[in-house]
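All remarks here apply to the structure that follows.
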Amino acid sequence: MLDTPAQPQSANDAGAAPKVSFVSLGCPKALVDSERIITRLRAEGYELTREHVGSDLVIVNTCGFLDSAKAESLAAIGLALKENGKVIVTGCMGAEPENITAAHPGVLAITGPQQYESVLDAVHRAAPPQHNPFLDLVPPEGIKLTPRHYAYLKISEGCNNRCAFCIIPKLRGDLVSRPAGDVMREAEKLVKAGVKELLVISQDTSAYGLDIKYAESQWGDKQLRARFLDLSAALGELGIWVRMHYVYPYPHVDEVIPLMAERKILPYLDMPLQHADPNVLRRMKRPASQEKTLERIARWRDICPDLTLRSTFIVGFPGETDAEFETLLQWLDEASLDRVGCFKYEPVRGATSNALPDHVAEEVKEERWHRFMKAQQAISARRLKRKVGTRQQVIIDEAGATVAKGRSMADAPEIDGAVYVASRRPLRVGEIATVKIERADAYDLHGTAVGY
Ligand code: SF4
């Protein structure tokens, strides 16, 4: 038997770094908040773990978007209290602390979204940091919760819109854009650390810079305006994949499509539309004039024929009539979007839509959801099939002995399909290969690597 040095009995014995167990719930924006907190904790010498038992404390980054997400957050807090006992809660649900304390009075501290300093203060109180100059190292790009070859880049916080079903502006406040120079410096750091794909996120990416009047800031030897087009062009010069999420079809988005046609940024737009019927959209208080969206999409496809469009929709919004739902189905057929998510409307505490008349019965919502999904599945499968026989660039997410799993430019991580790639030599994670597409099924593509 090998001699091993005596192990400390608990994480906080002399010399051992305090251990923090971290639970990250919610959307990619919450994930970015988690990464910031984790980066700071690692920089201060804390050890991160996923095991509550044996940790000095647990941080739960909650999601408060839907009632089902709140229930998941409360359950995660309950489990952490049971398994560990020392729990700090942050994130969207922290904006309404009374809901947390009502269910779990024993939590140590509650902070709201983006209150990084308050989270760290609470951690310091519960488990003071131990300085060790040999161990307190943090990679310059921070700690990423996403695999190393892709990373989310948050360009703003909050939202100026007031969609009736959404409480994000209440939780996160109005739009606050980051200066373009700051965003670019973070992007460049990530690229230097090996990131091959940046996923640009915010609540409303196309509104970027509105709050700071598109102010210029220093980037390298020039001034860069905080405008969607200018930022997209600058990111497009980094020589990596840049993917745009949460873009609304405002007229100025047209200017960005040529950058996609030139492959400066990926020909991909994630554009949550939520509905297509003008009356429902008005009741939803949605931003941007959506009546012209079909024309706009047609124009975009003229400029960039292989543009991938992803969207999400809500069925069963209060007052949605059969005719309004039929308009949505018809629109869907005409728009022929590549990827679509669909949610059944769910009331969220604090949302103004709760007060609207004529809530739709659950069974009607259910029936509409099935009809919607069936219609869209046929459209998505048709669009995917058109790729058979083409060559696509594929970024590898998971290596395999003979078949690797990756994504084409048309697939965002976690929400879209995959490309399964057979190859003569094993492909590395993060590598981009040219793949001949041989087969399509409902969501995924299959092919063989023909160039490395
Ligand atoms: S655009 Fe609407 S749905 Fe999106 S965060 Fe803003 S208010 Fe919510």
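On a predicted model such as this, the values are computed, not experimentally measured, just so you know. In this chain, numbering begins with 1 at the start of the sequence shown. Atoms within a ligand are numbered from 1 in the order they appear, just like the ligands themselves.
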Residue portion contacting ligand 1 (non-hydrogen atoms closer than 4.0 Å) for Y246: neither
Ligand 1 versus R286: contacting region, heavy-atom distance under 4.0 Å: side chain
Under 2.8 Å from atom 8 (Fe) of ligand 1 - protein N/O/S, by chain and number: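 Listed by chain and number, the nearby protein N, O or S atoms are C166 SG.
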Partner of L337 under side-chain contact (heavy atoms from CB on, under 4.5 Å), chosen from T308, I379, I297: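 Exactly one option meets the side-chain contact (heavy atoms from CB on, under 4.5 Å) with L337, and it is I297.
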Lys/Arg cation over aromatic Y268: R339, 6.0 Å, 45° cone: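 Not satisfied by the 6.0 Å and 45° rule.
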N-O pairing of E326 and R368 below 4.0 Å: no
Exercise: do H245 and D270 side chains pair donor with acceptor under 3.5 Å: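 Their side chains do contain a donor-acceptor pair, which is all the 3.5 Å distance test asks for.
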Between D397 and H149, a side-chain donor and acceptor under 3.5 Å: yes
Numbered atoms and elements of ligand 1 in range of Y248, under 4.0 angstrom, heavy atoms: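 Counting from 1, the qualifying ligand atoms are 1 (S), 4 (Fe).
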Closest non-hydrogen atom pair between S206 and H252, with its separation: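 Taking S206 first and H252 second, the nearest heavy atoms are O-NE2, 2.8 Å.
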Neighbour count >12 (heavy atoms, 6.0 Å) for atom CD, E51: no
